[in-house]
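Taking it in order: structure first as structure tokens, then the write-up.
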Number of protein chains: 2
Amino acid sequence: MQDRWIKSIPVRLTPPALKDNTADVDRLIKGLEKLLGGGEVTMDLSLSRRIPFLLREHHYHMEAVLYQDHSSWRLVDVFPPTESGSVYGVVVDLGTSVIALRLLDLVTGEVKEESSFLNPQIQAGSDILTRIHFAGQEGGLRKLQTLVLMRLNEEIHSMAQRREIATQKIVGASVAGNTTMTHFFLGLDPYWICRDPYIPVLNRPGLIRAGELGLGIHDRGGVLIFPNAGSYFGGDLIAGILASGMNHQEEVSILVDVGTNAEVVLGNREWLVACAGAAGPALEGGVANMGMMAGPGVIDKVLIDPATGEFHVTTIKDSPPVGICGSGMIDLVAQLYLAGMIDIRGKYVPEKCSDRIQAIDGVQHLTVVFSKDSGTGEALTLSQAEIDTLLRSKAAMHTILTTLTRMIHLEWKDFRKFYVAGTFGSYINPRSAIVLGMLPDLPLDAYDALGNTSLAGATKALLSLRKREEMDEIRNRVTYVEMNVNQEFMNAFSAAKFIPHTDRSLFPTVP
Amino acid sequence: MQDRWIKSIPVRLTPPALKDNTADVDRLIKGLEKLLGGGEVTMDLSLSRRIPFLLREHHYHMEAVLYQDHSSWRLVDVFPPTESGSVYGVVVDLGTSVIALRLLDLVTGEVKEESSFLNPQIQAGSDILTRIHFAGQEGGLRKLQTLVLMRLNEEIHSMAQRREIATQKIVGASVAGNTTMTHFFLGLDPYWICRDPYIPVLNRPGLIRAGELGLGIHDRGGVLIFPNAGSYFGGDLIAGILASGMNHQEEVSILVDVGTNAEVVLGNREWLVACAGAAGPALEGGVANMGMMAGPGVIDKVLIDPATGEFHVTTIKDSPPVGICGSGMIDLVAQLYLAGMIDIRGKYVPEKCSDRIQAIDGVQHLTVVFSKDSGTGEALTLSQAEIDTLLRSKAAMHTILTTLTRMIHLEWKDFRKFYVAGTFGSYINPRSAIVLGMLPDLPLDAYDALGNTSLAGATKALLSLRKREEMDEIRNRVTYVEMNVNQEFMNAFSAAKFIPHTDRSLFPTVP
């Protein structure tokens with residue numbers, strides 16, 4: 001794809017003469033406009049001041065870095081000519097829990113390095129509502145913004161250092177996050193986002209100068225901020241749609257991004273409908289006693305032999321088991337069901353659980369890993385309450401999917417592709433999710449785990465003008481549907497709490 | 001003229017609702033775009049941050065101030081609704097010696113106040129070359145810029161205070177000056193302006209945000225900087241052409257701006273040719289012993305009775321005479337010639353000067369005002385050397401006019417209008433200038449004194465988009481001609497040193 005909107009182009013100017021006394025800045029602009037073949041070139045006064053020196057220092061032969069803003073080009077800087085003309089960009093996924101970033105070569109499109117870190121705003125509150133409240137306190141918003149920016153700038157700085165790249169050569173960025181995270185990032189007050197009628201400060205931040213934002217790349221670099229379609233439909237999901245390409249396909253696809261919220265998009269090249277709902281925190285680490293985020297020793301796969309009742313657990317890096325992540329939980333509960341250790345209500349069937357089951361304070365607990373095999377020295381157990389929480393989450397997910405699908409008069413079989421985004425999507429075993437009745441009973445090859453779609457979409461938009469424009473098109477095309485939690489929804493939710501569902505015909509392949 | 005490019009428009013928005021959850025900033029932008037009927041509206045991130053508060057504080061009913069930059073509108077600020085919706089602008093003429101400014105009501109176009117002050121850069125050098133040299137020293141450029149900005153901001157502040165206008169309500173400015181003064185103002189290094197091949201840093205500064213510049217008006221106000229057509233053809237002269245309207249006329253006119261340089265423009269609605277040359281400092285105050293800038297007691301008119309040899313001098317404010325200004329000098333020398341007290345070479349004819357003439361150190365001095373009538377207590381005298389200087393200046397002016405006119409194959413009689421700009425032009429008696437052979441022997445009604453055309457043109461461009469565009473059109477249309485000081489020029493110059501000229505046929509009305 002060669003429709004870059006950030007360009008580094010070599011420029012060679014005729015030096016001034018008595019017969020051609022065009023000013024330095026105008027000479028450079030004229031030369032660039034000719035090379036670009038369209039669109040006006042502009043620059044900051046601060047850069048204008050340095051142009052006479054730069055032209056003469058480089059003998060009128062330089063590498064000019066520009067980015068396209070609407071119909072005009074902004075000159076970022078002028079560098080000495082190099083072989084590669086390489087300049088770099090940063091792509092950021094502003095997650096509520098984890099912030100991921102990439103360093104890109106903007107000429108070749110190559111990913112130079114990728115990294116992620118815990119969102120330091122967690123110290124002000126792990127969930128978004130606590131942070132919105134925190135932002136309302138004196139200096140709170142500024143603090144939240146600074147926390148992210150400082151940590152991000154640190155990370156950009158070390159990446160650049162490791163790659164031996166001057167931060168002055170990082171001349172652009174692309175940032176996608178949910179609406180509130182984007183507000184924090186831009187220093188915009190999220191007060192009205194969580195209050196009726198749920199109004200963001202702005203929908204389309206567009207391109208912002210890095211210096212105005214405080215992002216640690218070239219001061220005059222352009223930072224593309226993904227737009228949102230409302231308080232509950234953020235730039236991360238728009239990036240997700242962009243990454244999946246579902247907006248180009250003739251067939252209808254579905255995209256699900258599971259985090260604290262389950263965000264769902266249905267559509268094709270003609271229409272896009274989206275909705276979000278609380279999927280419940282059980283799908284992230286942190287609710288089950290032994291629940292945690294993916295890491296060494298974390299159980300990500302479970303197999304139970306229905307004949308012997310034997311457990312085979314697989315952990316990340318094959319370390320001794322220390323806990324379980326969301327995808328491991330789904331495997332585990334699906335396997336418990338298939339082995340008959342829990343019934344369709346998700347309740348333990350003690351006579352099937354042999355020596356693994358015991359009641360603690362009147363609540364049944366199943367030992368998944370005995371203490372002798374555990375990396376913590378203690379047994380890893382799963383309580384009835386934890387299963388109930390998971391089933392509520394899966395029921396919420398199922399109900400959101402069903403309700404949305406019915407609202408637009410489609411059936412599951414109409415979906416050709418089912419994209420699952422996020423870390424969760426990369427680890428989940430779709431078959432287990434189908435067994436639980438969490439995901440629709442589609443052929444397994446319909447499922448496509450896309451990984452971090454926020455990062456993938458933001459990368460596309462940073463490298464291509466067409467994709468950047470598509471970003472806005474998606475925003476304008478998507479219809480956001482408020483999920484109405486009425487009696488009908490609650491009935492559907494109750495039916496979906498069973499494994500896989502009260503209506504078995506919805507899951508013909510599940511025994 | 002209602003094609004304002006800075007506008008204050010009342011806007012009333014529908015408050016948000018669950019069914020209409022457009023973000024605050026987008027809601028305002030959408031509302032404004034509808035009212036403006038074309039062109040995108042954009043705003044700074046810094047303003048975006050305040051919009052949610054402003055919308056709610058003013059109950060979605062406000063006065064929005066915007067300015068047009070290319071095809072888009074920049075939002076400067078949002079104010080509570082007022083009756084008049086008045087906002088203000090500042091117009092600045094950046095003179096080398098004197099800086100003049102105006103406070104304008106941008107709605108009515110009315111001039112609220114006008115003022116001027118000595119350019120404080122004079123402390124770094126009274127002439128432009130000394131200042132360019134000063135700018136080359138460590139911190140020199142910054143110092144020159146700061147001197148003007150601080151003094152200007154002081155003046156703007158007092159003007160606003162006297163008129164009881166908040167400086168936040170001064171939302172735009174328009175600035176015209178010669179190329180070097182404009183460079184100082186923008187903090188651009190003028191080093192190459194005075195060095196072969198004479199290259200400015202930039203020709204078209206365009207619109208700059210007041211905050212970026214440090215101008216003491218609204219931080220987000222737009223400052224229009226007049227472009228230059230080269231090192232020796234500045235924005236002040238482009239403003240002059242704009243003020244005269246000569247670029248619209250079918251007939252050919254001439255515009256002369258006399259300062260340290262004589263700047264001359266010839267042309268009509270089809271073509272414009274300009275040139276500048278050193279007219280000599282005799283036309284400004286400061287060379288003659290008794291020369292000074294206009295002020296109380298300064299002689300601005302002289303009449304000599306050829307029969308009696310009696311002098312009638314008129315002074316500014318009718319105060320006792322203390323000195324003479326450029327226009328008074330021209331009157332005086334023309335009258336001396338008509339009274340036969342000097343000959344066509346400008347030499348004193350002692351026998352015609354009665355008791356007024358005396359030699360001091362071998363140089364003839366004529367007493368213009370005897371000590372008893374003088375405001376200084378001492379006689380005001382005019383030496384032969386001072387007359388010689390004036391005649392060199394007038395010869396330079398004449399030669400420039402003649403040379404340029406001949407270069408484009410025209411004759412003086414082809415000019416329908418002869419515009420004289422500057423303070424000099426406002427005070428000069430054209431008849432006296434014709435008698436001296438300084439200005440062409442045209443009918444007196446062809447002469448039109450325009451006053452400060454730099455200020456007048458900058459005012460027009462601040463109030464009208466059409467005029468602002470015309471400013472750039474003029475810049476692009478004008479052909480700057482280098483005055484070649486060759487033997488031919490020197491011959492013409494020698495002939496022009498006589499009163500009125502060696503070729504009397506050029507001045508048929510002069511006795």
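Order of the sequence lines fixes the chain letters, A, B, ..., with proteins taken first and strands second; residue numbering starts at 1 for each chain.
The contact between Thr22(A) and chain B is made by backbone and side chain atoms together, counting heavy-atom distances below 4.5 Å. Using a 4.5 Å cut-off between heavy atoms, His183(A) does not touch chain B at all.
More than 12 heavy atoms of other residues, nucleotides or ligands sit less than 6.0 Å from atom NE2 of His58(A). Crowding of Gln137(B) atom CD: a count of heavy atoms from other residues, nucleotides or ligands under 6.0 Å exceeding 12.
Comparing Ala23(B), Pro15(B), Ser71(B), Pro16(B) by heavy-atom pairs within less than 4.5 Å of chain A, the highest count is held by Ala23(B). Ranked by heavy-atom pairs under 4.5 Å with chain A, the list Asp26(B), Leu141(B), Asn21(B) is led by Asp26(B).
Of all residues in residues 38-51 of chain B, those placing a non-hydrogen atom less than 4.5 angstrom from a non-hydrogen atom of chain A are Glu40(B), Asp44(B), Leu45(B), Ser46(B), Ser48(B), Arg49(B). Contacts with chain A (heavy atom to heavy atom, under 4.5 Å) involve these residues of residues 203-231 of chain B, listed by number: Asn203(B), Arg204(B), Ile208(B), Glu212(B), Leu213(B), Gly230(B). When the heavy atoms of residues 186-202 of chain B are compared with those of chain A, the residues falling under 4.5 Å are Leu186(B), Gly187(B), Leu188(B), Trp192(B), Asp196(B), Pro197(B), Tyr198(B), Ile199(B), Pro200(B), Val201(B), Leu202(B), listed by number.
For His61(B), the side-chain contact (heavy atoms from CB on, under 4.5 Å) test picks out Arg12(B), Pro81(B), with sequence neighbours left out.
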